[in-house]
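Contents: one structure, followed by commentary.
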Amino acid sequence: MLQLSYINQHPEEVIKGLERKLVPNAAEIVNSIIEVDAKRRATQTQLDETLAESNSISKQIGMLMKQGKKEEAEAAKQATGNLKDKSQELKEELRLAEEKAKELLVQLPNIPSEKVPDGKTPEDNAIVFSTENNITLPEGSLPHWELIKKYDIIDFDLGSKITGAGFPVYKGKGARLQRALINFFLDQAIEAGYGEIQPPIMINEDSAFATGQLPDKEGQMYHDPNENLYLIPTAEVPLTNIYRNEMVDANKLPIKITGYTPCFRREAGSWGAHVRGLNRLHQFDKVELVQIVKPENSYDILEEMTAHVEGLLKKLELPYRKLNLCGGDLGFTAAMTYDLETYSAAQDRWLEVSSVSNFETYQANRLKLRYKDGKQKGLCHTLNGSALALPRILATILENNQTEDGINIPKVLQSYCGFDKIS
RNA sequence: GGAGAGGUGGCAGAGUGGUAAUGCAGCAGCCUGCUAAGCUGUGCACGGGUAACCGUGUCCUGGGUUCGAAUCCCAGUCUCUCCGCCA
């Protein structure tokens, strides 16, 4: 959530930023927020004055009663009658103004960093880096949705039987490769100084709001109305919410945590022609990195985290490229995002396998996550990144490493898998 | 699922309708020379003010009663204990 004080002080910057993020009526919304907030402050001043008067009379009544001056006390009681009515009205006005301001504020996304390129669609994303793609596939090479059948390692039909479309069953070497990737990613994160966490995979409404999934992604999460809990769409939510309502000592920063979880997404309305196989799922596995940092470091940390993810892709020997997302393609809560995409030779497509984002104070403001540095206090910056999401990594490994007599397992994974080839 | 107990500042812990005691810790200032002690001030949010400072709210949350609620009433929530069920 954007900070009210910032909106009040820099309305033009905010409007410009929101327009870069393609928010319609940005100026209109910002101006009404400023207006409602001014109204809120004026009302509070009035209310405070009314309550102060009422409190002071009440104290006098208390003293008079002690001294046994009953008639004077009764007279003073009369005086508080209309003060109470007035304060009730003002309280209601204040509540309405606060509600209105929050309602407007909550629908505004984060504004992009200066480093974010202008643009409206994914075509406008800046390609920051790309590896050479010198993959030559054998004759008759197959996309992963054929390979998994050929080697019987992932079964979509079985998943449909048990649950439904988009819930695959991993079998045999498929299951083992999956587990190998999870362990490899976690070990690499731990080596890079992240503390491992196993969080709950259901979250309450407060958590979903604090990291920005609510109200923005309301319809995209699986929801249990009995308990009002949501299945996590990403470990970002439980990991970041560990620090909700916390005041962190500045010398404890940066906080670096990692966690493996399954992730659940309804993906309502987003199924299309090129989302076959592992490209889009309702349930998938991911290892997530989260950092909570001092504001002045956050962009250096963004580079550091992205470099970590690039390191994983290099170790897996996968061709990849790095994109700096343009304003129009940025997520709701992000100030800046690097997307990492691997190249799938068999599909001749780039597949997004990681998003590393700096949220600046947007999440911290909702989380009420602050740091204390001596006397200085302020909102932390939060960052997170996938390191990595498994299905598309699995897809590119299967497709790019296929040979006539089987699929070669990348060297770094062989000890984790206990085999070097799927055949 | 049933029954009971409880939720007060960073921590401990009093407080049954009239200014949230007290202790410990941390921080700041003052004072003092002997391995440290003493004194004073220090929660958070919002509002007003250049500032010093002032006001309002805040005793799990939300309502209610009252001139006035940590305290009384209602609802919710969380924690603990016992019983039941159970991987």
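This one's a predicted model, so the numbers in the text were calculated from it and none came from an experiment. Each chain gets a letter, A, B and so on, in the order the sequences are listed, and its residues count up from 1.
To the nearest whole angstrom, the two P atoms, one in A51(B) and one in G38(B), are 37 Å apart. Spacing of P atoms, C80(B) relative to C67(B), comes out at 41 Å, to the nearest Å. Of the P atoms belonging to A52(B) and G68(B), the separation is 33 Å, rounded to the nearest Å. Comparing A3(B) with A87(B), their P atoms sit 25 Å apart, to the nearest whole Å. On the C1' atoms, G63(B) is 28 Å away from A14(B), given to the nearest whole Å. The same atom, P, is picked in G9(B) and in A21(B); the two are 14 Å apart, to the nearest Å. For the P atoms, the distance from G29(B) to U22(B) is 24 Å, rounded to whole Å. Rounded to whole Å, the C1' atom of U65(B) lies 11 Å from the corresponding atom of C74(B).
Between Asn408(A) and the choices Lys421(A), Gln402(A), Glu317(A), the side-chain hydrogen bond (donor to acceptor under 3.5 Å, both in side chains) rule is met once, by Lys421(A). For the side chain to side chain contact (heavy atoms under 4.5 Å, CB included) criterion with Tyr230(A), the lone passing option out of Ile201(A), Asn204(A), Leu214(A) is Leu214(A).
Here the C1' atom of nucleotide U77(B) and the CG atom of Asn228(A) are 13 Å apart, to the nearest Å. Computed from coordinates, the Lys377(A) NZ to G43(B) P distance equals 10 Å when rounded to whole Å. A straight line from CE of Met247(A) to P of C27(B) spans 16 Å, rounded to a whole angstrom. Rounded to whole Å, the distance from CD on Glu53(A) to C1' on U56(B) is 14 Å. Between the P atom of G68(B) and the NZ atom of Lys77(A) lies a distance of 9 Å, rounded to the nearest Å. Atom CG of Asn8(A) is separated from atom P of G48(B) by 10 Å (rounded to the nearest Å). Residue Gln3(A) contributes atom CD, which lies 13 Å from atom P of A45(B) at whole-angstrom precision. Atom CG in Asn55(A) sits about 8 Å away from atom P in A69(B), given to the nearest Å.
A salt bridge is defined here as a Lys NZ or Arg NE, NH1 or NH2 lying under 4.0 Å from an Asp or Glu carboxylate O, and Arg95(A) with Glu92(A) meets this definition. The pair Lys150(A)-Glu146(A) does not count as a salt bridge, with every side-chain nitrogen at least 4.0 angstrom from each carboxylate oxygen. Remark: Lys39(A) engages Glu93(A) in a salt bridge, criterion side-chain N to carboxylate O under 4.0 Å. A salt bridge links Asp155(A) with Lys171(A): the closest approach of a Lys/Arg side-chain nitrogen to an acidic carboxylate oxygen falls below 4.0 angstrom. Ion pairing of Lys256(A) with Glu304(A) is present here, as a side-chain N (NZ or NE/NH1/NH2) and a carboxylate O approach within less than 4.0 Å.
When both pairing distances are held under 3.5 Å, A36(B) makes no Watson-Crick or G-U pair with any nucleotide shown. Pairing for U81(B) goes to A3(B), judged as Watson-Crick or G-U wobble with the two contacts each under 3.5 Å. Using Watson-Crick or G-U wobble geometry with both donor-acceptor distances under 3.5 Å, A52(B) finds no partner in any strand shown. A 3.5 Å limit on both hydrogen-bonding distances identifies no Watson-Crick or G-U partner for U66(B). In this entry U58(B) has G43(B) as its Watson-Crick or G-U wobble partner, both defining distances falling under 3.5 Å. Pairing partner, G17(B): none, since no Watson-Crick or wobble contact has both distances short of 3.5 Å. G23(B) is paired with C11(B) under the criterion used here, namely a Watson-Crick or G-U wobble arrangement in which both key atom distances are under 3.5 Å.
The side chain of Arg41(A) contributes an N or O atom lying less than 4.0 Å from OP1 or OP2 of G48(B). A close approach under 4.0 Å does not occur between any side-chain nitrogen or oxygen of Arg40(A) and OP1 or OP2 of G48(B).
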Salt bridge (Lys or Arg N to Asp or Glu O under 4.0 Å) between Asp339(A) and Lys322(A): does it pass, once the steps are laid out? CA-CA 6 Å; Asp339(A) 265 9; Lys322(A) 173 178 164 186; over 6 Å; no
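Counting non-hydrogen atoms under 4.0 angstrom, Ala76(A) reaches nothing in the nucleic acid.
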Base, backbone or nothing for each nucleotide of nucleotides 60-65 of chain B, written B, S, -, heavy atoms under 4.0 angstrom, 5' to 3'? ------
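Side chains of Ser344(A) and Glu399(A): a donor-acceptor N/O pair is present below 3.5 angstrom, by distance only. Glu360(A) and Asn110(A) share no donor-acceptor pair across their side chains, judged by distance under 3.5 Å alone.
Taking the ring axis of Phe209(A) as reference, the NZ or CZ atom of Lys102(A) stays within 45° of it and closer than 6.0 Å to the ring centre.
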Distances under 3.5 Å between nitrogen or oxygen atoms of protein and nucleotides 15-20 of chain B:
| unit_1 | atom_1 | unit_2 | atom_2 | d |
| --- | --- | --- | --- | --- |
| G18(B) | N2 | Ser58(A) | O | 2.7 |

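The side chain of Leu51(A) sits closest to G57(B) out of A45(B), G57(B), G47(B).
Every residue two or more places apart in sequence or in another chain that forms a side chain to side chain contact (heavy atoms under 4.5 Å, CB included) with Asn8(A) is listed here: Leu4(A), Ile34(A), Asp37(A), Arg41(A).
With RNA chain B read from its 5' end, the first of the two nearest nucleotides for Arg370(A) and Leu47(A) is the one closest to Arg370(A).
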